[in-house]
Amino acid sequence: MIYKNEYFKWLQNEASDDNLVKDEPSFLMLPEAVKAYRSAPEDSLDMEDLDVLYSLTVGIWKISVKKKKSFIDKSHLPISEKDRLKKLLEELAITEKGEKYGLFGSGFVSFASFRKDENTFRESAKRFISMCCDVLDMEENDALDRAENALATPIHGMRAGSVSQILFCMRPTVFPNMNSEAVKACKKVIELDHPGRLVNYIANARKIKAMRDEHFSFRNYLMFDHHHGLPDNLDKIDPKKTIPDWNLNQILYGPPGTGKTYQTAQMAVSICDNLAMAEVEAMDRSEVMDRYRVLEDDSRISFVTFHQSFSYEEFVEGLRPVARGHKDFDDEAGGNVQYQIVDGVFKTMCNAANPIKQVSGKNYNVVPGKVRLWKMSLGNTARSEEAYLYNDCIENGCVLLGYGQGLDYSNCADRDSIKAKLQSKTSDISKYDFNITEMDLFKNRMSVGDLVFVSQGNRKIRAIGKITGEYEFKAPEEYGQKRDVEWLYVPEEPIPAESLFKKSISQLTLYELDQKATRWTVLNELLAGPAESHDVTQNYVLVIDEINRGNISKIFGELITLLEADKRADAENALRVKLPYSQEEFAVPSNLYLIGTMNTADRSIALMDTALRRRFSFKEIMPDPELLEALDDVDLTFLLQAINDRIEVLYDRDHTIGHASFMNIASLDGLRQVFLEKIIPLLQEYFYGDWEKVCVVLGCADTRSVNKYPIIEKQNLNTAGIPEHLLDDFSTNRRYGISGNFLTAMDDSLPQYFINIYSPGETNSQ
């Protein structure tokens with residue numbers, strides 16, 4: 001999916017092959033190296049020959065000319081070709097700022113560190129180098145076809161980054177580079193399918209080619225690399241871009257550690273900001289999370305984790321006891337404990353997401369901090385005899401207060417004088433009496449120009465007005481305290497308080513609202529809008545982590561039907577239900593998106609609540625070993641793939657291990673700690689203490705050779721004196737534990753314990 005932005009426009013208008021470095025050493029070295037391999041005996045090639053090709057692509061400042069020469073010397077090229085390449089290498093070495101200049105700054109990992117005696121690795125090297133020799137002179141489409149055929153089977157030790165780098169330096173107008181910066185740039189203009197996976201490389205290359213040929217004049221794919229001529233200020237996105245058509249209800253499922261919760265943050269930002277997912281994926285993680293927190297603080301994103309005790313009352317609404325002294329305690333109702341209906345996270349999000357109907361615009365703009373905001377009740381909505389009060393106030397442009405015991409406070413300039421006035425009528429008045437507090441706020445604290453929000457209960461706002469008059473004493477009756485108001489916004493139906501405030505409003509008759517908890521953008525859209533009706537609509541996201549751990553019927557109750565797209569508010573078959581506690585009519589808005597995650601190691605998708613499965617779309621997120629890089633001599637991709645293959649055979653694919661466990665490991669000792677603290681305990685849990693299977697998964701039970709590097713050791717127990725008929729179970733004769741040598745191994749021998757898992761070889765039988 002291509003979308004237009006400033007970066008796209010720059011590529012169209014200004015990017016050309018003329019922007020590029022003309023004498024780039026890697027572009028000149030790789031074709032010559034491949035030509036040299038055309039004269040090398042194919043049967044002699046192995047992983048050391050891959051080292052030659054890859055070392056010539058990475059930056060010369062990372063791999064010195066001397067080091068590159070050493071790789072050439074170890075290769076299986078004819079001596080004459082070795083001499084020719086080394087001489088050319090000397091000629092192309094360029095010094096810049098005291099360092100050797102080159103194309104890529106990638107760190108070098110020797111492919112020869114893998115077991116050279118393994119036929120699979122040697123065959124991979126032969127197949128890849130043979131393909132390179134063929135595609136060097138082929139037509140563009142033929143070259144892509146040849147590469148696709150060769151890469152259909154994994155090239156052991158190589159991933160999309162290293163393969164594409166070599167092919168790109170050979171044919172920069174045919175094979176796009178897939179290093180991290182180039183991928184990030186390409187994602188600004190096109191959707192790519194898991195660009196780190198080698199199996200997807202040619203398919204992604206064809207996508208990029210089609211997009212390049214249709215829209216751009218340049219041919220060299222180096223234009224997609226941030227380090228070569230691209231301006232830095234290309235992040236402003238055109239609002240007319242194409243955005244994804246998200247499913248309203250979706251669940252990401254898969255084994256633990258595959259990035260499901262990680263991905264929900266990107267999806268939530270994409271949905272709320274109407275951004276293409278590729279654009280969000282191209283952002284730095286810190287940038288994504290900063291935006292996520294802003295949206296979360298604005299209550300447009302909410303996160304909840306289901307568990308076995310989670311209930312309807314917490315998710316939708318329920319009764320909660322409120323003691324005297326609590327901010328939500330209603331002093332007018334009296335008593336020491338009151339039971340109030342409290343909205344749960346789902347109802348709160350639905351109320352906040354409900355599109356607000358704008359019915360009266362006054363072209364009024366509120367500047368935060370310039371005026372005070374007040375919440376005020378106009379009569380008790382639960383008492384029918386006070387229903388007239390709201391209508392009278394709206395009709396006559398005023399607000400009326402029922403406190404003060406019918407006295408005139410025109411001459412009371414502070415709280416003490418109000419107290420004295422009350423005591424003149426009733427001597428038994430405490431200094432904390434609510435009449436004093438409310439009259440002081442209404443008479444002395446509230447100012448002309450302040451905004452007043454008239455509530456209906458503690459969940460809805462039914463009018464917004466601007467104070468235009470000073471305090472007046474209307475009459476010695478219950479609602480005799482008056483201030484004139486210009487009504488700025490009076491909706492046809494009360495709007496959810498969550499639409500305007502990040503915090504719930506209190507039952508108190510009159511109090512000042514927290515400006516930091518006010519949604520100023522929404523408020524000003526209401527007050528400054530045109531007179532005709534329109535919707536103020538934004539997207540909202542509720543993330544439900546571990547959705548499969550909750551009792552779905554108990555949590556969603558009757559609302560499960562309302563989740564369907566055609567049952568949402570304003571949809572073709574829109575439905576409403578009456579909530580059991582508040583007795584309110586309730587519908588789920590169509591701009592609220594639900595994203596769930598479920599761990600298949602806890603429960604298979606087949607065991608999910610059927611009603612939920614029918615109403616959610618499901619996306620499987622499996623371990624992606626291709627995202628991992630080598631750690632010294634240990635290839636984490638092969639390591640994780642080997643472990644997961646064995647788990648899938650011995651258990652199932654739902655219990656494989658996610659790649660997150662192996663990411664951001666800085667050292668081999670750190671990798672050892674991951675095994676000790678995460679991998680081995682998890683395998684023990686999976687196999688219920690069946691150490692034989694744990695040994696199989698970790699390569700410790702391989703009988704093909706003597707294992708000198710087992711992570712798990714086993715020893716026979718002393719069974720002397722135990723009758724034979726009690727020794728039927730062979731497993732009881734052994735004790736398993738973590739190898740002491742593994743715990744104390746230093747960096748020179750530690751890699752072999754991990755390499756042994758995926759590549760048992762000669763070192764095991766020495």
With a 4.5 Å cut-off on side-chain heavy atoms, are [Y] and [X] touching?
| X | Y | value |
| --- | --- | --- |
| Trp246 | Asn539 | no |
| Phe168 | Met178 | no |
| Leu640 | Leu636 | no |
| Glu498 | Lys347 | no |
| Asn551 | Gln308 | no |
| Thr348 | Ser302 | no |
| Thr258 | Thr656 | no |
| Gln684 | Ile680 | yes |

Side chains of Glu648 and Asn644, donor plus acceptor under 3.5 Å: no
Is it the case that Ser162 and Gln165 place a side-chain donor and acceptor less than 3.5 Å from each other? no
So which atom in [X] and which in [Y] form the shortest heavy-atom distance, rounded to 0.1 Å?
| X | Y | answer |
| --- | --- | --- |
| Leu592 | Ala353 | CB-CB, 4.2 Å |
| Cys350 | Pro589 | O-CG, 3.6 Å |
| Ser164 | Tyr201 | CB-CE1, 3.4 Å |
| Val697 | Ile757 | O-CG2, 4.1 Å |
| Pro176 | Val174 | CD-O, 3.6 Å |
| Ala571 | Ala565 | CB-O, 3.4 Å |

Just by distance, do the side chain of [X] and the backbone of [Y] share a donor-acceptor pair under 3.5 Å?
| X | Y | value |
| --- | --- | --- |
| Tyr593 | Ile271 | no |
| Arg653 | Met622 | no |
| Glu317 | Ser582 | yes |
| Thr600 | Gly254 | yes |
| Arg462 | Ile495 | no |
| Lys260 | Pro255 | yes |
| Asn247 | Gln250 | no |
| Thr597 | Leu252 | no |
| Glu214 | Met211 | no |
| Arg300 | Cys272 | yes |

[X] side, atom [atom1]; [Y] side, atom [atom2] - distance, nearest 0.5 Å:
| X | Y | atom1 | atom2 | answer |
| --- | --- | --- | --- | --- |
| Leu151 | Leu198 | CG | CG | 5.0 Å |
| Gln641 | Tyr758 | CD | OH | 13.0 Å |
| Phe616 | Ile547 | CZ | CD1 | 4.5 Å |
| Ser553 | Ile560 | OG | CD1 | 7.5 Å |
| Ile505 | Asp514 | CD1 | CG | 13.5 Å |
| Leu627 | Arg159 | CG | CZ | 10.0 Å |

Got a sec: does the [atom1] of [X] have more than 12 other heavy atoms crowding it under 6.0 Å?
| X | atom1 | answer |
| --- | --- | --- |
| Gln583 | CD | yes |
| Lys619 | NZ | no |
| Lys502 | NZ | yes |

Please report the C-alpha distance between Ile555 and Phe346 in whole Å, then the side-chain angles of each, then the deciding distance to 0.1 Å, and finally whether the side chain to side chain contact (heavy atoms under 4.5 Å, CB included) criterion is met. CA-CA 10 Å; Ile555 294 172; Phe346 180 63; over 6 Å; no
Partner set under side-chain hydrogen bond (donor to acceptor under 3.5 Å, both in side chains) for Tyr312, not counting sequence neighbours: Glu558
Does the ring centre of Phe662 sit less than 6.0 Å away from the ring centre of His659? no
According to side-chain contact (heavy atoms from CB on, under 4.5 Å), who are the partners of Glu564, at least two apart in sequence or on a separate chain? Thr561, Asp566, Lys567, Arg615
Carboxylate-amine/guanidinium contact Asp145 Arg206, below 4.0 Å: yes
Salt bridge (charged side-chain N to carboxylate O under 4.0 Å, His left out) test vs Arg291 passes for just one of Asp284, Asp297, Asp273, namely Asp273
Go through the steps to decide whether Met598 and Glu546 satisfy the test side chain to side chain contact (heavy atoms under 4.5 Å, CB included), and finish with yes or no. CA-CA 5 Å; Met598 67 170 287; Glu546 305 284 2; over 6 Å; no
Between Tyr292 and Leu295, is the side chain to side chain contact (heavy atoms under 4.5 Å, CB included) condition met? List the steps. CA-CA 5 Å; Tyr292 180 94; Leu295 292 166; 5.9 Å; no
Could you give all pairs that pass the ring-ring contact (aromatic ring centres under 6.0 Å, His included) test and reach residues 548-583, with sequence neighbours left out? Phe315-Phe556
If you draw the axis of the six-membered ring of Tyr262, does the NZ or CZ of Arg285 fall within 45° of it and under 6.0 Å from the ring centre? yes
Worked check of side chain to side chain contact (heavy atoms under 4.5 Å, CB included) between Met663 and Leu628: CA-CA 7 Å; Met663 300 189 79; Leu628 304 175; 3.6 Å; yes
Please work out which of the three classes, parallel, tilted or perpendicular, describes the rings of Tyr651 and His655, given edges at 30° and 60°. parallel
